[in-house]
Protein chains: 2
Amino acid sequence: MGCWLKRLRDKYQRDCQAVDKLCPRSKAEKIQQREQELLQLAHQLVHEVGLNNVTMEKLVSASPYSKGTIYNHFCSKEDLFVALGVHSMGLCAELMHKAHQFSGSSRERALAVHFAYHLYGLLEPALFMCVLNCKTANVQQKASKARLAQLDKADEDIAQLCDSFFTQGIEDGSLTLEKSQIAAVSFANWACSFGTNLLLQNAASIYAISRLGAANKVLFNVNLVFDGMGWQPLSKDYDYKMSWQKIEQHFADYVEMLN
Amino acid sequence: MGCWLKRLRDKYQRDCQAVDKLCPRSKAEKIQQREQELLQLAHQLVHEVGLNNVTMEKLVSASPYSKGTIYNHFCSKEDLFVALGVHSMGLCAELMHKAHQFSGSSRERALAVHFAYHLYGLLEPALFMCVLNCKTANVQQKASKARLAQLDKADEDIAQLCDSFFTQGIEDGSLTLEKSQIAAVSFANWACSFGTNLLLQNAASIYAISRLGAANKVLFNVNLVFDGMGWQPLSKDYDYKMSWQKIEQHFADYVEMLN
DNA sequence: GTATAAAAATGACGTTTAGTCAAAAGTGAA
DNA sequence: TTCACTTTTGACTAAACGTCATTTTTATAC
């Protein structure tokens with residue numbers, strides 16, 4: 001067994017004992033709690049070995065439990081991945097909520113959401129991929145219904161949060177749009193940001209991307225889409241590079257974690 | 001062994017014999033040819049069982065060769081996937097070349113490229129995912145250098161082809177852009193289209209997408225980006241839904257294959 | 001045609017891993 | 001303490017990747 005596996009397990013046991021001392025729990029609560037702790041452990045495992053080298057065996061070794069007990073929590077490896085996906089979407093939602101609090105124009109706040117999404121991808125590249133993985137047919141087949149319902153719920157929450165940024169733009173008059181079109185516009189924004197982040201993460205070395213130089217690609221792409229929507233002020237009339245920097249400061253706590 | 005495995009192998013053997021009769025080949029050519037035939041076989045296997053159920057064992061069973069011989073061609077499963085990725089990007093490039101021949105405005109021709117990419121995703125959903133998979137760190141580590149070079153080459157070819165559509169727009173005056181910005185704009189278009197297709201394929205069931213209704217999502221998203229670039233005529237001044245239909249007719253041969 | 005050396009093909013084997021299940025251990029009520 | 005029920009355990013099976021000693025084929029020289 002790798003020494004880091006032992007280290008993970010020891011830390012895990014200390015954590016469990018600490019939590020137990022602080023608040024004695026009922027049986028059901030303990031099981032619920034243990035699941036969260038196993039997820040934390042799996043999360044660390046992802047950082048140690050990378051998403052596609054995570055195995056149930058390693059999770060078993062890193063935890064003080066046996067294989068059977070782990071399978072009581074997660075009916076398959078894919079079920080574990082979906083649980084990790086849900087877990088990481090929590091962080092994503094947290095960042096997006098923080099974007100909501102950015103003070104500026106509605107377009108700037110929407111830009112802050114794209115920043116948040118980008119930041120999420122940088123902070124948790126493996127889990128960003130994991131969420132995509134959760135959507136594939138293979139994983140959908142093998143994960144439990146209950147787990148998939150959690151995933152759908154998390155998706156819906158984030159979608160509604162994103163919608164609210166466009167609603168704000170409509171309300172303050174900077175964005176001219178039928179309310180019925182919000183869904184389509186929201187999807188377009190998501191798709192653009194999703195594609196940009198995914199490609200930057202996974203294809204940075206190829207010609208089409210490496211030739212781009214140092215300019216901020218996310219900002220550039222988002223500006224294209226916002227301008228296409230006619231969201232005032234247009235990028236030719238306003239310095240959104242400055243906004244981006246301000247947004248970066250707004251997220252300073254998280255940006256720090258990148259190092 | 002599944003009966004379809006036997007069927008695949010029998011068909012493969014008939015094909016080999018037929019090809020051999022038509023044109024006797026040198027040793028090196030035979031090996032080269034066999035690799036192509038193995039790729040065809042793997043491609044069919046993907047259709048039969050889905051990308052993540054393709055195993056080297058199944059490819060061995062479906063071919064008349066032994067495991068060792070298969071591994072002479074592909075140094076790992078990941079190497080096979082990269083080969084499949086390169087293979088499928090050939091189809092993608094073919095479709096994009098056809099888009100180049102669409103007669104219309106330069107913006108309409110660029111729209112045709114997005115159509116081509118979308119069509120590619122519909123025709124080969126599994127291989128579309130496979131190409132993405134090829135970019136992940138895991139696959140990059142396990143595939144052979146030679147194979148990865150092929151992949152980069154294919155990427156570069158497609159990127160340059162895409163660039164040419166924007167160059168046309170600049171030359172006919174409908175698109176105002178510095179030549180130096182083509183790379184950035186090209187990437188933005190790719191990212192948007194990539195994200196849109198990927199989400200439509202893998203997340204169609206979730207709330208944020210299922211609520212969108214029947215409207216053409218790719219066209220909508222591409223129009224946003226083109227409008228953001230200021231590519232004339234803007235979507236408010238021109239009926240691109242009509243263009244989309246014309247493009248669909250232009251690709252009628254391929255569209256037929258969807259059924 | 002035969003001998004010999006090089007190249008290619010073979011498939012049994014070692015290893016890793018997902019997932020199962022009968023047996024053991026634990027828990028709480030009577 | 002007993003007994004019924006729940007939870008945990010880890011040995012086991014099957015699938016799959018990749019290796020390599022052995023066998024077969026092919027090319028060349030005589």
Side-chain angles (χ1 to χ4, degrees), chain A residues 1-2 5 9 12-13 16 20 24-35 37-38 42 45-46 49-84 133 138-139 141-144 147, chain B residues 1-2 5 9 12-13 16 20 24-35 37-38 41-42 45-46 48-84 133 138-139 141-144 147:
Chain A
M1 173 173 33
L5 265 182
R9 195 180 57 196
Y12 176 82
Q13 278 179 322
C16 286
D20 236 9
R25 294 154 299 176
S26 79
K27 202 160 146 187
E29 277 171 339
K30 274 191 178 174
I31 288 177
Q32 183 62 24
Q33 191 71 31
R34 191 174 60 195
E35 184 149 319
E37 284 152 4
L38 285 173
L45 210 46
V46 168
V49 301
L51 192 62
N52 34 37
N53 292 319
V54 170
T55 66
M56 296 304 263
E57 313 264 345
K58 282 176 189 158
L59 182 58
V60 168
S61 296
S63 80
Y65 302 107
S66 69
K67 189 171 259 195
T69 300
I70 303 289
Y71 272 91
N72 277 349
H73 286 280
F74 311 106
C75 71
S76 66
K77 193 184 173 183
E78 285 71 24
D79 201 50
L80 172 66
F81 284 161
V82 175
L84 272 175
N133 195 39
N138 183 46
V139 174
Q141 276 161 27
K142 293 176 183 168
S144 68
R147 197 76 66 182
Chain B
M1 174 173 35
L5 266 181
R9 195 180 56 199
Y12 176 81
Q13 278 179 321
C16 286
D20 236 8
R25 295 154 299 176
S26 81
K27 201 160 146 188
E29 276 172 338
K30 271 190 179 173
I31 288 177
Q32 183 63 24
Q33 191 70 31
R34 190 174 60 195
E35 183 149 318
E37 283 153 3
L38 284 173
L41 212 48
L45 210 46
V46 168
E48 298 271 359
V49 301
L51 192 61
N52 35 37
N53 292 318
V54 170
T55 67
M56 296 303 263
E57 313 265 346
K58 281 176 189 157
L59 182 58
V60 168
S61 296
S63 81
Y65 303 107
S66 69
K67 188 171 260 195
T69 300
I70 302 289
Y71 271 90
N72 277 348
H73 286 279
F74 310 106
C75 71
S76 66
K77 192 184 174 183
E78 285 71 24
D79 202 51
L80 172 66
F81 284 161
V82 176
L84 271 176
N133 195 39
N138 184 47
V139 173
Q141 276 161 27
K142 294 177 184 167
S144 69
R147 196 76 66 181

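Lettering follows sequence order; numbering is per chain, from 1.
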For atom CD of B/Glu78 and atom P of D/dA16, their distance in whole Å:
15 Å
Strictly below 4.0 Å: does A/Asn72 bring a side-chain N or O up to OP1 or OP2 of D/dT8?
yes
Base of D/dG18 paired with side chain of B/Lys67 (donor-acceptor, under 3.5 Å)
yes
Write down the distance between CD1 (B/Ile70) and P (C/dA8), rounded to a whole number of angstrom.
16 Å
Measure from CG on A/Leu80 to C1' on C/dA18 and round the result to the nearest Å.
13 Å
Taking all non-hydrogen atoms of both residues, which atom of B/Asp79 and which atom of B/His73 are closest, and how far apart?
OD2-O, 4.0 Å
Tightest non-hydrogen contact, residues B/Ala62 and B/Leu41, listed as O-CD2, 3.6 Å
By nearest atom, which of the nucleotides D/dT9, D/dG18, D/dC17 is closest to the B/Glu57 side chain?
D/dC17
Which atom names give the shortest non-hydrogen contact between A/Ala83 and A/Phe74, and what distance separates them?
CB-CE2, 3.9 Å
Nearest-angstrom distance from the residue atom NE2 of A/His73 to C1' of D/dT8
11 Å
Could you tell me whether B/Thr69 contacts a base, only the sugar-phosphate backbone, or nothing, with contacts defined as non-hydrogen atoms closer than 4.0 Å?
base
Quick one: is C/dA9 close enough that its OP1 or OP2 comes under 4.0 Å of any side-chain N or O from B/Arg34?
yes
Write down the distance between CZ (B/Phe81) and P (D/dA16), rounded to a whole number of angstrom.
12 Å
D/dT8, C/dA18, D/dC17: which one has an atom nearest the side-chain heavy atoms of A/Met56?
C/dA18
From CG of A/Asn53 across to C1' of D/dC17 the rounded distance in Å is 14 Å
Which atom pair, heavy atoms only, marks the closest approach of B/Val49 to B/Asn53?
O-ND2, 3.0 Å
Distance, rounded to the nearest Å, where B/Lys30 contributes NZ and C/dA7 contributes P
18 Å
Against B/Leu80, only a single residue in B/Leu38, B/Ile70, B/Leu59 fulfils side-chain contact (heavy atoms from CB on, under 4.5 Å); can you say which?
B/Leu59
Let me know the distance between CG of B/Asn52 and P of C/dA18, rounded to the nearest Å.
15 Å
Out of D/dT9, C/dG19, D/dG18, whichever nucleotide has its closest atom nearest the side chain of A/Tyr65
D/dT9
